[in-house]
Amino acid sequence: MTGKEAQQPEELPVVFVHRRPSFILPFGDHLRSQFHVLDPYESPEPYDSFLARHAPSIRALMTMGPTLVSAEFLDRLPVLELIVATSAGLDHIDLPACRSRGIVVTNASSAFAEDAADCAVGLLIDVLRRISAADRFVRGRMWPVKETYPLGFKLGGKRVGIVGLGSIGSEVAKRLSAFGCTIAYTARNKKQSVPIPFYANVRDLAANSDVLVLCCALTKETYHFVNKDVMVVLGKEGVIINVGRGSLINEKELVQCLVGGEIGGAGLDVYENEPNVPKELFGLDNVVLSPHSAPATPESFEAVLQLTVGNLKAFFSNKPLVSVVSNE
Ligand SMILES: O=CC(=O)O
């Protein structure tokens with residue numbers, strides 16, 4: 001045994017695990033071997049007194065999935081310096097409150113990027129080539145009855161507009177270029193080092209694309225920024241893929257546009273009111289639905305574990321963090 005392994009949990013750096021009661025910590029053992037993990041749902045003590053008793057020692061917090069980190073919650077942690085998020089999106093965290101307190105936030109989008117991008121591409125191919133609908137056709141014994149199945153659309157040659165060229169969007173771009181698509185993007189800022197055509201806003205991007213792939217953060221600026229106007233300019237054969245957040249799209253208008261044939265199809269992993277999905281979508285064969293599972297693989301969870309532990313270790317040894325989010 002090394003000296004380190006012999007340390008008692010109380011001697012290890014304290015990490016508070018912030019989670020919903022039903023959200024089980026998938027990598028607890030690994031975390032416990034290196035940190036003194038405080039998980040209020042593992043203690044018989046009531047949540048509030050557990051939190052109040054430990055608050056003076058909580059400098060680092062790990063927030064699991066979409067567990068809300070509100071300004072009120074942050075007020076209960078007066079010495080908090082670091083929030084390590086296990087998610088790519090940070091819309092559940094009050095970033096302005098963190099900023100005003102000087103609390104640093106890290107995310108996990110680089111760990112999820114490849115799997116989320118694979119899923120985005122999978123949804124797109126599925127919508128264009130009607131794979132899920134074809135599966136239903138065969139299983140429903142329709143093949144002997146109808147003999148022919150509607151044609152799909154070719155992926156190669158499509159003009160794909162990527163909304164948000166961060167780690168996930170960049171992986172989508174890489175994959176769809178290899179399929180022979182032409183790529184353009186919009187983002188908060190033009191990336192000087194990226195040779196991909198840039199549009200200053202999502203409407204202009206849509207007007208010049210056959211497909212929009214949403215991989216950006218949900219913020220005040222991006223809330224509902226894909227609205228009916230954007231969908232109409234995308235066009236009747238246009239396809240929207242969303243692996244970002246449901247509220248990037250005005251979902252009511254999306255449903256209207258899909259039902260009314262104003263756009264050609266959609267592949268959705270995220271929704272405005274999860275786990276509720278508009279029932280109008282269930283009968284549409286040009287829509288493919290998945291349950292907010294785009295980045296969920298054992299491989300990406302392992303990568304998240306490495307990333308979060310890397311951030312925590314760096315913090316406690318005063319080294320640069322691995323995936324700090326710019327919070328300006
Ligand atoms: O949606 C998943 C995430 O933000 O990690």
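In listed order, ligands and their atoms are each counted from 1.
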*Asks:* With nothing but distance in play, are any N or O atoms of Arg245 less than 3.5 Å from an N or O of ligand 1?
*Replies:*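 Yes: some nitrogen or oxygen of Arg245 is under 3.5 Å from one in ligand 1.
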*Asks:* Check whether the side chains of Gln256 and Lys228 place a donor and an acceptor atom closer than 3.5 Å, and report yes or no.
*Replies:* no
*Asks:* Going by the atom numbers of ligand 1, which of them fall below 4.0 Å from some non-hydrogen atom of Phe112?
*Replies:* 5 (O)
*Asks:* Can you see whether Ser110 engages Ser167 through a side-chain donor-acceptor pair at a distance of less than 3.5 angstrom?
*Replies:*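 The criterion, which ignores hydrogens and geometry beyond distance, is not satisfied for Ser167 and Ser110.
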*Asks:* Are any of the N or O atoms of Ala88 closer than 3.5 Å to those of ligand 1?
*Replies:* yes
*Asks:* Need the ligand 1 atom indices (1-based, order shown) with element for anything under 4.0 Å from a heavy-atom of Gly89.
*Replies:*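 The atoms of ligand 1 under 4.0 Å from a heavy atom of Gly89 are 3 (C), 4 (O).
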*Asks:* Any chance the rings of Tyr185 and Tyr199 have centres within less than 6.0 Å?
*Replies:*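 Between Tyr199 and Tyr185, which both carry aromatic rings, the centre distance is not below 6.0 Å.
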*Asks:* Using a strict 4.0 Å cut-off to heavy atoms of His292, name the atoms of ligand 1 that fall inside it.
*Replies:*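 Close to His292: 1 (O), 2 (C).
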*Asks:* Could you give the distance from CG (Leu218) to CZ (Phe225), rounded to the nearest 0.5 Å?
*Replies:*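 Rounded to the nearest 0.5 Å, the CG-CZ separation comes out at 9.0 Å.
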*Asks:* Assess the side chains of Glu272 and His224: does a donor N or O sit below 3.5 Å from an acceptor N or O?
*Replies:*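 Yes.
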